[in-house]
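Heads up: the structure comes next, in C-alpha cells.
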Amino acid sequence: MTKDALRVLVVDDEAPLREELRSFDWSVHGFECVGEADNGLEALAFCRRHRPDIVITDITMPVMDGIKFMREMRQELPDTQIILLTCHSDFAYAKKSIGYGAIDYLLKVTLTPSELVQALDKARQVLQKNGMRRRDAIEEKRWERARQLSMLLSGKRNGAEAAVAHSAVYQFLTREMNCKLPLQFASLHVDAKADVWMLAKRALERQLGILEEQMSFLYLPAMEGVYLVFADHAGSFRSSMTSEKLASIVEQLRSLLEEQAGLLQDELAICGVTGSSAAAPEQVEAAMAAVMREQQLRFYDRTQLVWSVQDEPTQWPDEHQKAEFYELLAAHINPLNTGAAQLRSSLVTWAFQHRLHPDAFKELVNEWRREWLQDAREWPEFSQMSKAVMNAETAEELAALLIHEMEFVQNNERKPRREIDDAMRYIKSNLEKPLTLSIVAEQVGLSAHYLCRLFPEERGISFQEYIKQQRMEMAARLLRTTSLRIYEIACQVGVPSYRYFSSVFREYAGLSPTEYRRQRS
C-alpha cells in the first residue's frame, strides 16, 4: 500500500455486503479500506478519530441512519467524500439523497467492481480539486501573514515606541492565528547554497504543510532559510513544541530529501531550535527573535537535530585557552605524530568543549599559523589559506584545512588530500554497492557537505561524476574481457536498472553496451 492511497471507510449493517467490499482489491486502484462500521453513530466516532478520505455508507441503518450521519459529517468533516449505498433505483430518491452531501450513489443489487471504481475515482477527483484549492488558499494566507509579521518586526525601536511594537506583535498573533499565552516559539533553520535551496524549498514547504496538520502546529517563513514554528497550550493548537516533537519534524524533513531529492540531502543542513515560553505580551517578540538567530554551535555539529536557545553561549578564548590550543598543536607539528583523523577530532572536540565562537576559532587558527610559519611563509599561499580558513563552514572543515597545510609544509610538496585518496579507494572497491556522499564521507571521517565541496577542488570533477566515470570504466572492462550478460554487468557496477545503465554507458562510450562489446570482441 502506497502512502498516497486514499483511505476508505465502509458503513453498512449488512455483514455479507461488508464482506464483499472487504474482498475488493483496493490497493490496485490506489485506495485502502481502513475500517468498517454497522451504523452511523459508530461510523461518526471512527471518522472523528481517523479522518478517512472517503466513506461508502448505507442509508437505512439502526442507531443512526445514513442521512443523519451525512448531515453530521458535512458539519464536522466537510472534506470527506461520501458515496451512498442504496436499494432504491428511483432517480428522484437518489437525487434527494445526494442533496444531503453525497458525491455519488451505488445500487446494492447491481453493484459491480467497475461501478465501484468509477465512483471512487469521482471522489478522488473532487478530493484533489478541493485539496488544491485549500492548499492554495492556505499558502496565500500564510505568505500574507509572514509579510505582516515581517513588517511588525522590522526596524529598531526604543522606549514607548518599543512597548507599542511589542503589543502589536502580540495582537497580531492573537488576532491572525488565534494564539494564546503561554506561547512557545521554535524555528527550523535550513542551510544550503542558492541553487540547491531553489530545488529543495518547494518540497520542504509542501511537507511542512502536511506535518502541521498532523502534529498541530503552524509555520511561517521568517527569512531566507528560517521558518518560525508556533505552538501554544491554550489557543487553537492546544499543544506544546517539545524538543522531541521538533526533532520528529526535522527527521521527517531530512527523510523527505533523501527519498525525493536523491543526493540533494547531502548538500543541505536542517536543524530545529527551541525557545523559552512567553508568558506575557512583552516577552513574545524577544522569544521569537531568540529562535530566529543562527545557532553558532551548529558550526561544530551539523548532525544534531535540535538545539536550544538556552544552550551555553559561544565565547572568545582567554589567554589560558590560547595556550592550551598552542600546546595541542605543538605536540603534533614535527613530525605529525598522530593520525590526521585523530588530530582533527581532538581540535574540534577541544573548541566545542570551550564553546568557542566560530569566528574566534578561525582567528585562533590563523594566529597560530602566523607564529608557526613566521618568515618561512610565502605570502600568496598563506593569504589564500587564511581566506579558506575564514570561509570554513564547519569546525571539521577548518581542522582539515589546518592539518592539510601542516602535512604540506612538513613534506615540502603538495599532495592530494588523504581523505580524497581514501574516498577514491573506497569507491573503486565498492562500485557494486550504493554509494552516496553520506556513506563515503562516513568512511573517510568527513561530513558529506565538506566532501561534496572538497572533491571537485582536488580532482576537478564532482563526486557523482567520478563515481559514474569509475562505474562505466569498470563496465567497459567487463564487456571487453568477460562473457557476462549486460544486466549482470550493470548489477556488478552498481546500476541495477538495465535501461539507465544503457543510457549512461552510451553517454560514456558513444555506443550501446551491445555495440561496444561487438566492436571490441
Side-chain angles (χ1 to χ4, degrees), residues 153 156 184-194 196-197 221-229 241 243 246-247 249-251 253-254 266-278 285-322 324-325 328-329 344-369 386-403 441 446-450 452-453:
L153 294 174
K156 295 182 179 180
Q184 184 184 20
F185 293 102
S187 63
L188 296 166
H189 292 248
V190 186
D191 290 341
K193 293 181 179 179
V196 174
W197 174 236
M223 59 183 71
E224 193 71 6
V226 179
Y227 297 96
L228 277 170
V229 182
M241 184 53 64
S243 295
L246 191 60
I249 294 171
V250 175
E251 266 190 315
L253 291 176
R254 290 182 177 182
D266 291 320
E267 301 179 46
L268 280 165
I270 307 175
C271 80
V273 178
T274 58
S276 303
S277 182
E285 188 172 354
M288 189 185 301
V291 298
M292 289 168 59
R293 287 194 294 269
E294 181 180 358
Q295 294 296 302
Q296 299 294 345
L297 293 181
R298 292 183 65 204
F299 181 72
Y300 296 100
D301 186 358
R302 291 299 182 98
T303 63
Q304 184 160 323
L305 296 176
V306 173
W307 296 93
S308 169
V309 295
Q310 296 174 336
D311 284 327
E312 186 178 348
T314 54
Q315 61 180 357
W316 295 78
D318 56 26
E319 292 303 318
H320 175 70
Q321 290 165 347
K322 285 184 180 180
E324 277 188 6
F325 180 74
L328 178 63
L329 282 171
R344 182 170 61 243
S345 175
S346 298
L347 289 171
V348 173
T349 301
W350 178 86
F352 180 67
Q353 286 175 343
H354 289 291
R355 293 296 196 266
L356 293 189
H357 190 285
D359 290 343
F361 190 20
K362 294 173 183 179
E363 289 188 12
L364 187 59
V365 167
N366 275 336
E367 183 180 322
W368 181 85
R369 291 176 58 247
S386 296
K387 290 179 181 177
V389 166
M390 295 307 294
N391 290 331
E393 296 182 5
T394 65
E396 182 186 59
E397 179 181 345
L398 175 60
L401 284 168
L402 178 59
I403 292 168
L446 294 179
S447 69
H449 185 72
Y450 184 39
C452 181
R453 291 182 54 199

Residue pair A222 / M292: nearest heavy atoms and the distance that separates them
CB-CE, 3.9 Å
Measure the shortest side-chain to side-chain distance between L305 and R254 over non-hydrogen atoms and say whether it is less than 4.5 angstrom.
yes
Within this structure, what is the CD1-NE2 distance for the pair I270 and H189, rounded to the nearest 0.5 Å?
12.0 Å
Distance in Å, S276 OG paired with F185 CZ, rounded so as to fall on 0.5 Å steps
11.5 Å
With heavy-atom distances below 4.5 Å as the criterion, would you say the side chains of L188 and L246 are in contact?
yes
Sub-4.5 Å side-chain heavy-atom contact between V389 and L398
yes
Give me the atom names and distance for the closest heavy-atom approach of V250 to G272.
CG2-N, 3.6 Å
Between K322 and W368, does the side-chain contact (heavy atoms from CB on, under 4.5 Å) criterion hold? Intermediate values first, please.
CA-CA 9 Å; K322 285 184 180 180; W368 181 85; over 6 Å; no
Any side-chain heavy-atom pair of V309 and Q295 under 4.5 Å
yes
How are the rings of F361 and F325 set to each other: parallel, tilted or perpendicular (split at 30° and 60°)?
perpendicular
Validation row: E363, M390 side chains within 4.5 angstrom (heavy atoms)
yes
Measure the acute angle between the ring planes of F352 and Y300, then classify it against the limits of 30° and 60° as parallel, tilted or perpendicular.
tilted
Donor-acceptor contact below 3.5 Å, side chain Q304 vs main chain R298:
no
Minimum-distance pair of heavy atoms, taken over all atoms of A392 and L401
CB-CD1, 4.4 Å
So, applying side chain to side chain contact (heavy atoms under 4.5 Å, CB included) with F299, which one of E294, E393, E396, K362 is it?
K362
Are the side chains of V365 and L347 in touch, meaning some heavy atoms are under 4.5 Å apart?
no
Quick check for you: to the nearest 0.5 Å, what is the distance between H320 atom NE2 and H354 atom NE2?
7.0 Å
Any side-chain heavy atom of L364 sitting closer than 4.5 Å to one from Q321?
no
For T274 and S243, indicate whether the former's side chain and the latter's backbone hold a donor-acceptor pair under 3.5 Å.
no
